[in-house]
Amino acid sequence: MPIPADWPTTETEALAEQERLRPLVLARDDEDEDGRPAPGRLIAGVDVAYDDEHDLVAAAAVLLDRDTLDVVEQATAVGRIAFPYIPGLLAFRELPAVLDALAALSRTPDTVVCDGYGLAHPRRLGLASHLGVHTGLRTLGVAKTPFVFENREPGAERGSWTPLTDPATGEEVGRAVRTRPGVKPVYVSVGHRIGLDTAVRTTLDLARRYRLPETTRHADSLCRRALADALRTGTNTN
DNA sequence: GCGACAG
DNA sequence: ATCTTGTCGC
């Protein structure tokens, strides 16, 4: 799929778009149209891989059953890179391909787990929140490294966490969460239509065996395979 | 101005 | 993100 015609091209346009979407974020638990409470049963994981040499991007969307952690469906999308990597503007680089991959699924996920931040962002509109507001889907962000927020080391036991605080406002914008005993924590934040407690709970439910949620692990391996396939055979899709 | 900086 | 060897351990 081509990049949307109205997709921001410059840093100025991207910042204006973040400003427009920021007030639309819902940072508390919400229900589906079907009345299902967060996070629901169908959890999607999305991730993206790049080849800057060939100006190629591959995204994957994987649907898991929240209770069994089984993969029930998966889809990929390949396209041209839409935006350069600029810290704080990651969504403009990753989302076009992610939206294509999500659209290729036959079912709509109850919750989408993103690789990166949601509210824990300099302007409160990280990748996860951006995707949520743009699509209306419930989202949360699980990042592997801290960004610009204060964080203390959580206790060594699984489930232990410490707040991620905005030094300017003192506001809790996310949490450093220990998913595996003695292993580096992950950084969880609200994306859209979910509360921080539920976001953390969901992350822990999805990351019992490994540090990262099963959703992101599956999406990560799938988008890498999709990129390798595209480079091998030309620009394919699924 | 300089360094830091999700993926 | 991606570039990259070996290494320790289940």
Side-chain angles (χ1 to χ4, degrees), chain A residues 8 11 14-15 17-18 21-22 25 45-62 76-102 112-134 139-151 164-168 173-177 179-192 196 199 203 207-213 215-228 230-231:
Chain A
E11 186 164 347
L15 290 170
E17 178 67 351
Q18 290 188 333
L21 299 179
R22 177 173 63 177
V25 175
V46 293
D47 197 17
V48 177
Y50 302 93
D51 187 297
D52 292 291
E53 288 289 286
H54 298 81
D55 188 36
L56 223 48
V57 53
V62 180
T76 62
V78 173
R80 312 290 262 179
I81 296 177
F83 204 84
Y85 172 63
I86 301 173
L89 299 179
L90 181 61
F92 299 95
R93 179 171 171 82
E94 303 220 327
L95 288 193
V98 166
L99 292 169
D100 287 344
L102 284 170
V112 182
V113 180
C114 297
D115 210 354
Y117 287 116
L119 283 184
H121 175 276
R123 293 171 294 280
R124 300 292 179 281
L125 199 83
L127 172 64
S129 297
H130 194 136
L131 176 64
V133 171
H134 187 98
T139 61
L140 65 101
V142 180
K144 297 181 285 295
T145 63
F147 196 2
V148 292
F149 298 103
E150 301 175 352
N151 68 89
L164 228 56
T165 310
D166 183 334
V173 296
R175 287 173 188 166
V177 179
T179 55
R180 294 282 295 166
V183 176
K184 185 183 193 299
V186 295
Y187 304 87
V188 179
S189 59
V190 165
H192 184 54
L196 188 51
T203 300
R208 299 192 157 279
R209 192 170 163 76
Y210 301 97
R211 178 172 82 113
L212 297 176
T215 40
T216 55
R217 289 171 45 78
H218 284 291
D220 179 74
S221 63
L222 182 57
C223 70
R224 290 184 200 234
R225 265 179 282 148
L227 181 63
L231 289 168

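Note on naming: letters A, B, ... go to the chains in the order of the sequence lines (proteins, then strands), and numbering restarts at 1 for each one. Heavy-atom basis, side chains included; hydrogens, waters and symmetry copies ignored.
- Residues A/Ala128 and A/Gly118 approach most closely at CB-CA, 3.8 Å, considering heavy atoms.
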Please, what dot-bracket string fits DNA chain C when only Watson-Crick and G-U pairs with both distances under 3.5 Å count, crossing ones use [ ] and pairs to another strand use |? ..........
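- Residues passing the side chain to side chain contact (heavy atoms under 4.5 Å, CB included) test with A/Val25, sequence neighbours excluded: A/Leu119, A/Leu125, A/Ser129, A/Val133, A/His192.
- For A/Ala199, the side chain to side chain contact (heavy atoms under 4.5 Å, CB included) partners are A/Leu140, A/Val188, A/Ile194, not counting sequence neighbours.
- Partners of A/His218 under the side chain to side chain contact (heavy atoms under 4.5 Å, CB included) rule, at least two apart in sequence or in another chain, are A/Val62, A/Leu64, A/Val71, A/Glu214.
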In 5'-to-3' order, the base (B), backbone-only (S) or no-contact (-) status of each nucleotide in nucleotides 2-7 of chain B, using a 4.0 angstrom heavy-atom cut-off, is ---BBB
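- A pairwise comparison of heavy atoms in A/His130 and A/Leu95 identifies CD2-CD1, 3.5 Å as the closest pair.
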How does DNA chain B look in dot-bracket form if you count Watson-Crick and G-U pairs under 3.5 Å, write [ ] for pairs that cross, and put | where a base pairs with another strand? .......
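- Between A/Asp220 atom CG and C/dA1 atom P there is a gap of 6 Å when expressed in whole angstrom units.
- A/His121 meets the ring pair (Phe, Tyr, Trp, His ring centres under 6.0 Å) test with no other residue; sequence neighbours excluded.
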Side chains of residues 82-93 of chain A: which donor-acceptor partners sit under 3.5 Å, not counting sequence neighbours?
unit_1: A/Arg93; atom_1: NH1; unit_2: A/Phe83; atom_2: O; d: 3.1
unit_1: A/Arg93; atom_1: NH2; unit_2: A/Asp52; atom_2: OD1; d: 3.3

Nucleotide by nucleotide, nucleotides 3-10 of chain C touches protein heavy atoms under 4.0 Å in the pattern (B base, S sugar-phosphate only, - none) --------
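- A/Ala230 and A/Leu56 make their closest contact through CB-CD2, 4.1 Å (heavy atoms, listed as atom of the first residue, atom of the second, distance).
- By the side chain to side chain donor-acceptor pair (under 3.5 Å) test, A/Lys184 is found to be paired with no residue, residues two or more places apart in sequence or in another chain being considered.
- Residue pairs meeting the salt bridge (charged side-chain N to carboxylate O under 4.0 Å, His left out) criterion with at least one partner in residues 118-131 of chain A, sequence neighbours excluded, are A/Arg124-A/Asp166, A/Arg124-A/Glu171.
- Residues passing the side chain to side chain contact (heavy atoms under 4.5 Å, CB included) test with A/Ser189 are A/Tyr117, A/Ala120, sequence neighbours excluded.
- A side chain to side chain contact (heavy atoms under 4.5 Å, CB included) with A/Val98 is found for one member of A/Val57, A/Leu127, A/Val48 and no other, namely A/Val48.
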